[in-house]
Amino acid sequence: MLDVTRTRGDFPALAQSVHGRPLVYLDSASTALKPRAVIDAVSHMFARECANVHRGVHALSDAATERYEAVREKARRFLGAEDAREIVFTRGATEAVNLVAQSFGRAGVGPGDEVLVSTLEHHSNLVPWQMLCAERGATLRPFPLDERGQVDLSRFAELLSPRTRIVAISHVSNALGAVTPVREVTRLARAASPAVAILVDGAQAVPHLRVDVRALDCDFYCFSGHKLYGPTGTGVLYGKRERLAAMAPWQGGGDMILSVSFAGTLYAEPPHRFEAGTPNIAGTVGLGAAIDYVEALGLDAIAAHERALLEHGARVLAEVPGLRLLRPPGEDQVAILSFVLPGVHPHDVGTVLDHQGIAVRAGHHCAQPLMEHLGVAGTTRASIALYNTTGELDALAAALGAVVGMLR
Amino acid sequence: MTPALAALYQGIVLEHHARPRNFGPLAACTHEARAHNPLCGDTVTLRLRLDAAAIVAAGFEGDGCALCRASASLLTLAVTGRTAADALALAAELDAFVSPGPEPTPEATDRLGDLRALGGVREVPSRRRCATLPWEALRAALGERR
């Protein structure tokens, strides 16, 4: 069991008031708060081991390089990957998707080929593929959802063909919290198109459930550090070794080369081939501290705590007059309560809640095709993290009662 | 309710939100424009009927929050009977009123009439554009170059 009172003490941001009320932070799916261990790790890299990596001949650079590369091993273990060379550091999940689209996609997708993305995607796992398809003369096909907002596997299977080169799917929907059937998606895709590459956007998954990229059998898996209690501007792309080895660099610069001359340049092996320039050293070390933090608490304990909160939240929100929860908790649901209040715009809900110290997200959640599928312009989203409490969800429900009284 | 919240959702705003004026299509419309806020997905379509230089009727449609809806509703009342140039001058005055910067003079505030009820967004930057979106549509409809 998670000792939430103790855990909350690890997050300095929780000890503040907003508009004169104690902060109730229910927007962790946007960005999670940071534990002291992460803040200290970042601060240490600037205060002490402040040096560039992979270049120095001095002690500080050696220390920084060692710490930075140790995070690669942590991320490997965290994702269940085979080899630390399968871990590429990026600015976040968005950059990871763009890296794959620009490097793997430009070489591997041609006229007449097809890229499949689910209808529930965040724009970050949609727009890069749209750009790629426009450039390469390929076709982008959205695969449909059922009425619960879950991937419809039989209709997905119908869209597959030997022309399917890439399938891109979120592990967890950012707007609804639906856990998608990634394992079935990869199995069906590989059966229909042997050359297919599957990218899984795990930005909303890694804080809430244990990931095993080998069990999922995906080619690429990515996530952002800042949603995992780490610093902004950090992220991880996992790529199967043979995939990364066959890919050209997407950005040129220092640190990604073996040798450079005007006659030609030899590129470094993965993962450094994809990490041009001085990386976000302190941030990445902070991400390592975040992985350590989450693993010390235990993902199973975190998941159990969040599951109890999700079910409690669904119960108390059901008491709010007129409130419609877009996806009641089920087996395939994590950490997100997305709802509409008929007659009240999500932005007004968000503002009124904010003035009671409650932070939520309101709007289309960068998932406009999903909103269209659900027939709503936007929703209010309360997202749950390891530091939230049932009392905070009670406060949310009570405040929503006031919103209804005021605006409807 | 905090004072900032009370300033944001004043009686006039809530009343226009609940019962928007001139909502719906406008017959014999001569000018039309749509404004969109990609941040929240709100849209306002504003329609005007001009007779010579004067706005003789205004209407709006769209999907927006209480502030956006109230602002659009108040806009249709405020610009009807004005010349296009006069309506654009009012748009500029409203912009100054809701934006950070020097406090508007009492005379300028008086000229805004009921539009003063939108002043709460001055202190809430994330909601400022909710109030100004219909006025963007007005500028576009009247072809103002900015």
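Below, chain A is the first sequence line, B the second, and so on; all start at residue 1. We use all heavy atoms of the structure for the numbers below, so side chains are in, but hydrogens, waters and symmetry mates are not.
- With a 4.5 Å cut-off on non-hydrogen atoms, B:Ala66 touches chain A through its backbone and its side chain both.
- Contact of B:Leu5 with chain A is made through backbone and side chain together, with heavy-atom distances under 4.5 Å.
- For A:Glu135, the CD atom counts as densely surrounded, since its 6.0 Å shell holds more than 12 non-hydrogen atoms of other residues, nucleotides or ligands.
- Contact count against chain B (heavy-atom pairs under 4.5 Å) is highest for A:His345 among A:His345, A:Met406, A:His19.
- Taking both residues in full, the closest heavy atoms of A:His347 and B:Arg127 are given as O-NH1, 3.0 Å, listed atom of the first, atom of the second, then distance.
- If you measure heavy-atom distances from B:Cys130 to chain A, the contacts under 4.5 Å come from the side chain alone.
- With a 4.5 Å cut-off on non-hydrogen atoms, A:Val352 touches chain B through its backbone and its side chain both.
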#### Entry: B:Arg69 and A:Asp348: CA distance, side-chain angles, deciding distance, salt bridge (Lys or Arg N to Asp or Glu O under 4.0 Å) verdict
CA-CA 11 Å; B:Arg69 221 162 125 96; A:Asp348 295 318; over 6 Å; no

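- Heavy-atom pairs under 4.5 Å with chain A were tallied for B:Asp63, B:Leu67, B:Thr43, B:Asp42; the largest tally goes to B:Asp42.
- More than 12 heavy-atom neighbours from other residues, nucleotides or ligands sit within 6.0 angstrom of CZ on B:Arg49.
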